[in-house]
Amino acid sequence: MMYNEKVMDHFTNPRNVGDIEDADGVGEVGNPTCGDMMTIYIKVKDDILTNIKFKTFGCGAAIATSSMVTEMGIGKTLEEALKITRDDVADELGGLPPIKLHCSNLAADALHKAIEDHMRKKQ
Amino acid sequence: MMYNEKVMDHFTNPRNVGDIEDADGVGEVGNPTCGDMMTIYIKVKDDILTNIKFKTFGCGAAIATSSMVTEMGIGKTLEEALKITRDDVADELGGLPPIKLHCSNLAADALHKAIEDHMRKKQ
Amino acid sequence: MKPIYMDHGSTTAVDPDVVRAMTPYFTEIFGNASSLHSYGEQATVGLNASRQIVASAIGAHPDEIIFTSGGTESDNLAIKGIAYRNQDRGRHIITSNIEHPAVLNTCAYLEKHGFEVTYVPVNDRGLLDVESVKEAVRDDTILITVMHANNEIGTIQPIEEICILARDKGIYVHTDAVQSIGKVPIDVNRIGVDLLSISSHKIYGPKGVGALYIRKGTNIEAISHGGSHERGIRAGTENISGIVGFARAMELAQARFDGDCEHLRSLRDRMIGNILKSIDHSYLNGDLEQRLVNNVNIRFSYVEGEAMLLLLNNKGIAVSTGSACSSKSLKPSHVLEALGLAPEEMHGSLRITLGRENTEAEADRVVEALIEIIGKLRAMSPLA
Amino acid sequence: MKPIYMDHGSTTAVDPDVVRAMTPYFTEIFGNASSLHSYGEQATVGLNASRQIVASAIGAHPDEIIFTSGGTESDNLAIKGIAYRNQDRGRHIITSNIEHPAVLNTCAYLEKHGFEVTYVPVNDRGLLDVESVKEAVRDDTILITVMHANNEIGTIQPIEEICILARDKGIYVHTDAVQSIGKVPIDVNRIGVDLLSISSHKIYGPKGVGALYIRKGTNIEAISHGGSHERGIRAGTENISGIVGFARAMELAQARFDGDCEHLRSLRDRMIGNILKSIDHSYLNGDLEQRLVNNVNIRFSYVEGEAMLLLLNNKGIAVSTGSACSSKSLKPSHVLEALGLAPEEMHGSLRITLGRENTEAEADRVVEALIEIIGKLRAMSPLA
Ligand SMILES: Cc1ncc(COP(=O)(O)O)c(C=O)c1O
Ligand SMILES: Cc1ncc(COP(=O)(O)O)c(C=O)c1O
């Protein structure tokens, strides 16, 4: 299989799928042209990510990294969450096929964008 | 098999192998360089070929055509024997592989040479 | 549950009958066809009989069949062999923009070596317009290479008409019939083609063997050099067991042709009908009429192909997202692009290619699985 | 009486163990290795494992193995792939005058396309002098291609020394190891070679499959174009069943190496000794020391090879008169010519290539048959 078990688990049973109507921040990355598009919704309380949801159009890796990043982010401070890199997500999943590392591993970016959106709104 | 049954028969059980010590004519054709060399010995009585023998260095076709031409020639008049062509020998053998038709089918030539040798000696 | 294989456009299982035909050629009739002794002779008998079978299946003469290592080599040999040998007459080649990579990349290679290639575009149903091909013809055109049927969307090209227009101008025509053989009647003389590629592993034969039909009198040169096998056009000890298996597969394809086609067409139409009816925003890629009897290629809006493929695979269902050859490359399919589809539409396309052994029950199970999977994926999609 | 096959240099029977390894890959593990689904994955597992086996058998890394359709394709790919890719550095190639046609005809083809080839002659024992190779080197030499062991006379060339002289000058070295694999220990790093061709059907594997070892970092280009199989160097759906069989054959060759070599060497020496002792005017072609363990090549004065071969065949004994590839062409062997033999001596040469399954009793039966047949043929020979 091109994906390991953990990736397949997050892909077939993705955590935190959906949207948040009254989200505190929304981050969108990707482009349907590339075959991957993600939207991350966050709820924030006292600088802590209390909830994260995602919607993703994309391949198995795109869905798995989206699911993973929500798990990784929930409970973290905004500052901590901003430090989550693409590589961290891939590592947490136990690795991704090389070809997917660059093109479908956008979930961390989407989370960062959602946090930036939240910070912009707060200002 | 590249050769038909009749060719194989003449090759494996060649007729009239050998030389004739007091031959009335000897004909030699070919060249070891080409991989084929034949010597035909004839005995003549009243312009009739009473005996023919051959010695051949060469491939299956060379040996088979040598054997065949001795059978075809024995009992014929010199004039008749001179009319035996390479094609006649090949036909009588039921055909030869195309590649062998030109290079190893020299027996008729050797017979003609033996007859010419005899006629020269008679003069 | 028993897995369902519906990726026959990628490859097929070898028919047990074919395996049986091959078996003696491994341990008993193992000679080299170039050898003069009995072992070589027996191999030659098998080789000649196979050549006769393959030739007669497409209405050709045995001398017009060159055995190769597969469709890719056949395409390379046809195109380069004609191009190199006829370059004094011209250096222009015409092809379509939906060819298999074996043709497209060979053309691209020739472009780097002094040849010019015109890629005639297909219309939005994946069909070539003969008039456009005609317009592309130049004085220095030496070859038109257009596939008989496309491997992704199954569209069948008007190759007979292309041959007619080419014949008038003395242009050679090659067609890649790797996908059409066994599913479209093929007689090289009725089609009028000069060169035709086929591959064994798409018709229940072994992998690693194929053939190129080369019409008598065609000016072509070898692209591999060595011994004088295959009339000097293709060097290398003949893969007799493979060739015998290929020939048996051709024989079976011929014998089962009518039944196969009827069965496949009925499954295909059932699946296309059920999918389009039961899944919103699903559309057929490629023409419905001029289409291989076993090809179902559908695009589903808002979802991505790999995700569908993997979820189907989890259910034991094997399909493809396009050409198997390109599915690991992540690039959107050049064939779907040629249809003028938007990128997000291409990403959501699935290719189902039916085979002899597929059943109605399997077809229905796959449609049900698709309904469930697409529902699930659309629920996560930001686009839906 | 049971027939005796002693033409293993032409081809070998597939080992039953190899057939067993291949069998599941026809009807069960039949997927296309390019496919993303489980069928494709299983095929990929088989492909990767095979690549690992073939690589480790010659001390290479799996990424350095490209599977091909046989020795001929491997030779073509090595020589053309290096020549085309490195022609900016030079257009000179060095080879020997006793190479297999797959090398010689590829070189001849390149000569017609702007390359220059030096054919270094062997000595009268069929061995290349490293000094002569060194002298042939020019500033624009990009490739030396010298066979590891000759297919007709079995001589083993000093390829290690050639690699040493080439390395200093940045020249690539290719060796055709089709005949030596399984009979001479081969470690690509110990030899120091950059490219090495092998073929499955000479080592009890199936026909139609082979490999080219390409050292990491070697500048080479593809000669067939299509999908991105085999790291883009060799397009075409992988012949998995063939590759798996080839790998199994390599594994067996490795496991049985010592026993095979001992057995073959003893049979070979017994035959050579008995023939030279019991048949007057018989001479060994090729060096006795630097010689494949299974090669017996003898010339018999005053008799012609085809005649001997056919009479042996009548007794159920299969041998060859030289390269199997050229035995239908009637031309005297270029290898025997290279030894400086007179034409009539070449015509009387016979190649006996022993195999694993041959026995002492068979070896003795063949010598007896030879005594009888040569006696018979000499009795009809005008030269004797
Ligand atoms: C249309 C078409 N042409 C050529 C090929 C290549 O054939 P092969 O896989 O035998 O090299 C394929 C299949 O991969 C194909 O579908
Ligand atoms: C030395 C050598 N090189 C190359 C080849 C060609 O290999 P294949 O028959 O696999 O194409 C052969 C055998 O025919 C050979 O003996």
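Throughout, a chain's letter reflects where its sequence line sits, starting with A, and its residues are numbered from 1. For clarity, every value in this text was computed on a predicted model and none was experimentally measured.
Only the side chain of D:Glu221 has a heavy atom closer than 4.5 Å to any heavy atom of chain C. Contact annotation for D:Asn239: both backbone and side-chain heavy atoms come within less than 4.5 Å of a heavy atom of chain C. For D:Glu28, no part sits under 4.5 Å from any heavy atom of chain C, backbone or side chain. With a 4.5 Å cut-off on non-hydrogen atoms, D:Thr12 touches chain C through its backbone but not through its side chain. Residue contact with chain C, scored on non-hydrogen atoms closer than 4.5 Å, is absent for D:Tyr204. Both the backbone and the side chain of D:Phe26 come within contact range of chain C, with heavy atoms under 4.5 Å apart. For D:Ile223, the part lying near chain C is the backbone, with the side chain staying farther off; criterion is any non-hydrogen pair under 4.5 Å. Neither the backbone nor the side chain of C:Phe67 comes within contact range of chain D, judged by heavy atoms closer than 4.5 Å. Both the backbone and the side chain of D:Thr27 come within contact range of chain C, each with at least one heavy atom under 4.5 Å from a heavy atom of that chain.
Ion pairing between C:Asp7 and C:Arg351 holds under the 4.0 Å rule for side-chain N and carboxylate O.
Residue with the most contacts toward chain D among C:Ala222, C:Ala43, C:Ser224: C:Ser224 (heavy-atom pairs, distance under 4.5 Å). Your options are D:Gly71, D:Pro3, D:Pro16, D:Gly245, and the one with the most heavy-atom pairs under 4.5 Å with chain C is D:Pro3.
Between the CG atom of C:Leu212 and the CG atom of C:Asp75 there is a distance of 8.5 Å, given to the nearest 0.5 Å. Considering OG1 of D:Thr353 and CE of D:Met6, their distance stands at 9.5 Å, rounded to 0.5 Å. To the nearest 0.5 angstrom, C:Ser35 atom OG is 11.5 Å from C:Gln42 atom CD.
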